[in-house]
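What follows is a single structure, written as structure tokens, with notes after it.
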Amino acid sequence: MAHRLAGKRVVLTQSSTFMGPAISEVFTEEGATVIDDNRDLTRPEAAQKLIDEAGHVDVLIANLAANNPRTAATSTDDESWSEMFDVMVHPLHRLVRAALPQMLDRRQGKIIVMGSASARRGMPNWSAYSAARGAQLAYVQAVGVEAAPNNVQINAVAQAFVRNPSYFPPEYLETPELKERMKQVPAGRLATGREDALFVLFLAGDESDFFVGQVFPYAGGWVV
């Protein structure tokens, strides 16, 4: 069976965190040249520099994660609030702004945002994190329809309860907190990182060309 991403050049941000390791492994197995990057994207010039260094980009995976402050809205200071947007929202726009022009010119390309289902379900003490994640999803919906006439597909995965080194590391898996949270998940389990990465692979392939500005819940029924 031919590799599904043979010859494709993929830029993957924060490749050592969140969904980076699983996506890098699956995409490499499928023949892609994966440009794994871990630079600090909060610097305004960093995203453009990354894309310039990468050159030809067929697929951009905006894998952006931040530590959730988990504070009540009344206790969330400006620094904590701004950090969520500085890490997860502003870099997203800069990455898209840098990579999208070449895709539009070629009339081909994929941009996939690794987002969070927390933007789709209200939770106390998650206001800053959820607001930033929500901004990501709204951005995808808007820019997705801009890019669609040029055959460029921009979509997002709104995930939760997926094993990954940032939010569900091994030391967290047996904690009482997680066991309590799992009662809300109809699937009754965590997804593996590989399962999630295989779905991202679908979004990066030709089979997903008719999906435009979509936000796909990937949370075992926790959101639908």
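Hydrogens, waters and symmetry mates are skipped; everything else that's a heavy atom, side chains included, is used.
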Donor-acceptor pair, side chain of T28 and main chain of E25, under 3.5 angstrom: no
From CA spacing to verdict: salt bridge (Lys or Arg N to Asp or Glu O under 4.0 Å), E177, R70: CA-CA 14 Å; E177 178 186 352; R70 292 202 187 189; 2.6 Å; yes
Euclidean distance, E83 CD relative to D86 CG, rounded to 0.5 Å: 7.5 Å
Sub-4.5 Å side-chain heavy-atom contact between V200 and I61: yes
Atom pair CE/CH2 of M84 and W126 - distance to nearest 0.5 Å: 11.5 Å
V34 backbone acceptor or donor facing R9 side chain under 3.5 Å: no
Atom of M88, atom of A132 and distance for their closest heavy-atom approach: CE-CB, 3.8 Å
Main-chain N/O of T17 paired to N63 side chain as donor or acceptor, under 3.5 Å: yes
Closest contact, heavy atoms only, L12 versus G20: CD2-O, 3.4 Å
Minimum side-chain heavy-atom gap H56-R106 below 4.5 Å: yes
Separation between CZ of R133 and CG of L137, rounded to the nearest 0.5 Å: 8.5 Å
Value rounded to 0.5 Å, distance of NE2 in H3 from NZ in K8: 15.0 Å
Side-chain heavy atoms of K110 within contact of L203, under 4.5 Å: no
Any F18 side-chain heavy atom under 4.5 Å of Q159 side chain: yes
pair E30-L201: side-chain heavy atoms closer than 4.5 Å: yes
Backbone of S16 reached by a side-chain donor or acceptor of N38 within 3.5 Å: yes
ILVMFWY cluster, V145 and V113 together (side-chain gap under 4.5 Å): no
Side chain D52, main chain L50, donor-acceptor under 3.5 Å: no
N-O pairing of E195 and R163 below 4.0 Å: no
N/O donor-acceptor pair under 3.5 Å between N155 side chain and G213 backbone: yes
Proximity of F211 and F216 rings by center, below 6.0 Å: yes
Separation of F161 CZ from F168 CZ (nearest 0.5 Å): 5.0 Å
Hydrophobic cluster identity match, L178 and W222, side-chain contacts under 4.5 Å: yes
Check ion pair E29-R4 (N to O, under 4.0 angstrom): no
Residues, nucleotides or ligands: over 12 heavy atoms within 6.0 Å of E79 CD: no
More than 12 heavy atoms of other groups within 6.0 Å of E171 CD: yes
Co-membership, hydrophobic cluster, residues V215 and L64, 4.5 Å side-chain: no
For S80, the option from T76, D77, D78 that meets side-chain hydrogen bond (donor to acceptor under 3.5 Å, both in side chains): D77
Heavy-atom donor-acceptor pair, Q14 side chain to A65 backbone, under 3.5 Å: yes
Backbone of F202 reached by a side-chain donor or acceptor of S208 within 3.5 Å: yes
Any M103 side-chain heavy atom under 4.5 Å of V57 side chain: yes
Closest approach of P101 to V96 (non-hydrogen atoms, all atoms of both residues): CD-O, 4.1 Å
Nearest non-hydrogen partners of L95 and A62, listed with the distance: CD1-CB, 4.4 Å
Exercise: do S24 and S15 side chains pair donor with acceptor under 3.5 Å: no
Separation between CD1 of I154 and CD1 of I112, rounded to the nearest 0.5 Å: 10.5 Å
Smallest separation among heavy atoms of Y167 and A66, with atom names: OH-O, 2.8 Å
Non-hydrogen side-chain atoms of N67 and Y129 separated by less than 4.5 Å: no
SB check E146 R97 (cutoff 4.0 Å): no
Connected via hydrophobic side-chain network under 4.5 Å: V212 and V143: no
Side-chain heavy-atom pair D37, V11 within 4.5 angstrom cut-off: no
A98 versus A47, closest heavy-atom pair with distance: CB-O, 4.2 Å
